[in-house]
Each structure stands twice: as structure tokens, then as C-alpha cells.
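Order of the sequence lines sets the chain letters (A, B, ...), proteins ahead of strands, with each chain counted from 1.
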There are 2 protein chains.
Amino acid sequence: MVGKQKWLTDQEQATWRSLMLATMLLEEALDRQLQRDAGIPHAYYAILVALSEASERALRMTELADRMHYSQSRLTHAMTSLERAGLVSRHRCPTDGRGQVATITETGMKLLRPIAAGHVAEVRRTVFDHLTTEQVAQLGDICNTLLVTLDPSHE
Amino acid sequence: MVGKQKWLTDQEQATWRSLMLATMLLEEALDRQLQRDAGIPHAYYAILVALSEASERALRMTELADRMHYSQSRLTHAMTSLERAGLVSRHRCPTDGRGQVATITETGMKLLRPIAAGHVAEVRRTVFDHLTTEQVAQLGDICNTLLVTLDPSHE
DNA sequence: TGCCTTTACTTGAACTCTCAAGTGGATTTG
DNA sequence: CAAATCCACTTGAGAGTTCAAGTAAAGGCA
């Protein structure tokens with residue numbers, strides 16, 4: 001047996017198990033909903049949202065990767081896939097020959113708008129419908145606390 | 001722009017972003033630590049732990065998949081990989097010709113013991129070191145609340 | 001100006017996970 | 001008791017991610 005010696009308290013153990021299971025199932029639920037309704041995974045949906053919210057709907061690849069906390073490689077692969085689907089496009093950066101500027105296409109925007117409603121509904125259904133305002137605040141505080149360690153660049 | 005109309009309150013939006021980022025970075029941190037120190041992903045580590053905690057260190061594949069909330073297919077692929085690494089083994093179930101009984105090998109146990117300490121240290125470092133007892137309780141409550149919807153089989 | 005390093009991204013292979021289809025042993029049922 | 005169905009798993013293809021290595025432009029700096 002592993003875990004006979006207690007490195008975590010009983011309460012911490014229980015919370016940990018619940019947290020791991022809840023986050024796993026939550027990600028799966030979000031992925032399934034978006035895959036079903038939009039044909040793209042949650043991670044790709046997030047890229048479309050980020051681009052749609054950017055000024056000019058355009059961002060340098062590195063800037064986009066930084067904002068999403070994705071690796072360059074992950075972003076490149078994702079963009080390649082989204083580009084094939086016609087949802088985004090890339091073109092050489094005029095001021096830096098190495099760079100690429102990513103944009104969401106009209107097709108991408110047309111996909112995004114109706115999809116967003118379904119996504120938010122899923123977020124409500126799985127999370128916010130069941131939490132009190134106080135719990136939302138607590139959860140936010142807890143996550144922000146963890147982000148200090150998890151994301152040193154976090155302000 | 002998407003999201004001009006508010007489907008979530010500002011507080012919910014903020015909490016949602018923090019939650020998504022924190023859970024993503026947390027999973028990555030756990031994966032990286034285990035990949036580095038044990039050469040296996042977090043999802044595989046969890047299988048080893050589950051087997052090590054089972055009576056006789058053995059479980060039917062379906063029972064194991066259910067406990068982990070993994071699909072049969074996911075578990076089969078994972079077991080194939082872990083088996084190749086010599087950490088687990090499978091053998092026909094004596095009472096049901098269709099079934100397989102999964103076990104963790106001595107090699108698997110020998111890997112697990114020292115690894116567990118490092119894993120718990122990472123869990124502490126990223127999570128519990130930064131939360132008050134009250135926050136741990138809050139987080140546990142919140143996750144259990146969400147699990148009612150996310151995992152209907154959850155008691 | 002010409003090297004040398006950094007920066008911005010891309011590529012490819014290996015790995016994990018999902019989804020759909022397949023295999024073959026139990027179970028039911030007419 | 002044979003045929004149909006169900007159940008426990010496996011398989012294979014496709015997609016997304018990571019990691020290491022590669023390309024090519026930018027920015028020192030001597």
C-alpha cells in the first residue's frame with residue numbers, strides 16, 4: 001500500500017480527490033459540448049474567442065500563445081488545423097519578417113457567435129447554476145491564490 | 001466581438017477565467033513532475049495508485065475503469081503501455097472468460113513508493129501550501145456540489 | 001560589414017485520448 | 001438448446017499535445 005503515511009490530512013485528501021475528478025469531468029463536458037456543436041475542442045474554441053476579442057481581431061502568434069498560456073508549438077499546430085477549417089488565417093507580419101499575424105476569418109466569426117451561447121449555457125449548467133454568489137467569490141479567491149504559484153507572470 | 005451581451009456576471013467571468021487557467025496549469029504541473037520523475041503521465045500514475053490500493057492489488061478492467069472514470073478504451077491503451085513498461089500485468093479472469101484482471105507488478109510498486117513522495121510534495125507546493133483550512137473545506141464543498149451534476153453516479 | 005546569438009515560428013515523431021468498429025465469451029429466450 | 005443479444009474488452013484510425021530539432025529573419029558587436 002502506498003499512502004499509509006499521511007502526507008495530506010483527511011480533509012485535504014478528500015478535497016484533492018474531488019478537485020481532480022471535478023476538473024477532469026468539467027473539461028470533458030466542455031470538450032464534448034463544443035465538439036458536438038462546433039466540431040472543435042475547447043482549446044481551439046478559446047483561440048477563436050481570444051482572436052475575436054483582440055483589437056483588429058488580429059494578434060502576433062507569440063502574443064497569442066502568451067495570452068493563452070499555450071506553447072508556440074501547440075499554437076502552431078492548432079492554427080494549422082483551424083486554418084484548414086477556414087476559421088482563421090495567418091499572414092506575414094509587415095514589421096518583422098519572422099513573425100506571423102493570426103486573424104479570425106469571417107467564417108470563424110460566423111461560427112463563433114451562435115456557438116458562444118451554447119458554451120455559456122454549458123458553463124452555467126455545469127458550474128454556476130449550482131454555486132452561491134459567496135461560493136463563486138470563494139472559488140475565485142482560491143484560484144487566484146493558486147495562480148500566484150502556478151503562473152508567476154500573473155499579476 | 002463575442003460576449004458583449006453578459007451571460008455571466010463580471011464576478012462569474014473572472015472566476016471562470018481563473019478556474020480554467022488554474023486547472024490547466026495545475027494539470028500541466030502534475031504531468032510535468034511525474035513525467036520527469038517517473039516517466040509516466042499523471043493519468044497513468046493514478047492507475048498505479050488505484051491498483052496499489054485495491055485489495056490483492058488486483059481489479060477487473062471494468063471495475064478499474066469505473067473507479068477512475070476512464071473509458072474502457074482509454075484504460076486498455078494505458079494498460080498496454082504500462083504493461084510494456086513492466087509496471088502492471090493482466091491475466092484472464094478465472095470466473096469470466098471475457099474478463100481480465102489487472103495487477104500492479106512488484107516493479108510497479110517499487111517505482112510507486114518513492115514517486116509518491118515527490119507527487120505529494122508537488123500537490124502541496126502547488127495547492128495546499130497556499131490555502132487555509134477553511135479554503136480547503138470551501139473548495140471541497142464546491143467540487144462536491146459540481147460533482148452532483150458532473151458525475152450523476154456520485155453519492 | 002560579416003559573424004554570432006537571439007527571436008519567431010514550424011516541423012516531425014512519439015504519445016495519449018476519443019470514437020467507432022470488432023472479437024469472442026456469457027446470457028437470455030423462444 | 002440454438003439463435004439472438006449482451007457484455008468485457010481490444011483494436012485502429014484520427015486528432016491534439018509535447019518535446020526536440022530545424023529554419024530563417026533580427027539584432028548585437030567587433
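- Using a 30° and 60° split on the angle between ring planes, W16(A) and F128(B) fall in the perpendicular class, above 60°.
- In this structure, Q72(A) does not reach the dT7(C) phosphate: none of its side-chain N or O atoms is under 4.0 Å from OP1 or OP2.
- At a threshold of 4.0 angstrom between heavy atoms, the contacts of D96(A) are confined to the sugar-phosphate backbone, with no base atom among them.
- Judged by closest nucleotide on DNA chain D, S81(A) is the one of G97(A) and S81(A) placed further toward the 5' end.
- Note: CE (M68(B)) to P (dT18(C)) measures 12 Å, nearest angstrom.
- Residue R60(B) places at least one side-chain N or O closer than 4.0 Å to OP1 or OP2 of dC9(D).
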Provide a list of protein-nucleic acid N or O atom pairs under 3.5 angstrom, restricted to nucleotides 17-20 of chain D.
| residue | atom | partner | partner atom | Å |
| --- | --- | --- | --- | --- |
| dT17(D) | OP1 | R74(A) | NE | 3.4 |
| dT17(D) | OP1 | R74(A) | NH2 | 2.8 |
| dT18(D) | O4 | H77(A) | NE2 | 3.1 |
| dC19(D) | N4 | S73(A) | OG | 2.5 |

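- T62(B) comes within contact range of the sugar-phosphate backbone alone, with a heavy-atom separation under 4.0 Å but no base atom that close.
- Using a 4.0 Å heavy-atom distance criterion, R90(B) is classed as a sugar-phosphate-only contact.
- Both L30(B) and L147(A) sit in one connected hydrophobic cluster of ILVMFWY residues. Membership requires side-chain heavy atoms under 4.5 Å apart, directly or through other members.
- When the shell of 6.0 Å around CZ of R124(A) is examined, it contains more than 12 heavy atoms from other residues, nucleotides or ligands.
- Exactly one residue among L131(A), L21(A), L25(A) makes a side-chain contact (heavy atoms from CB on, under 4.5 Å) with L146(B). That residue is L131(A).
- Side-chain contact between L59(B) and E53(B) is absent, with no heavy atoms from C-beta onward closer than 4.5 Å.
- Put simply, CZ on R98(A) is 11 Å from P on dA25(D), counting in whole angstrom units.
- Distance CG (D31(A)) to P (dC17(C)): 13 Å, rounded to an integer number of Å.
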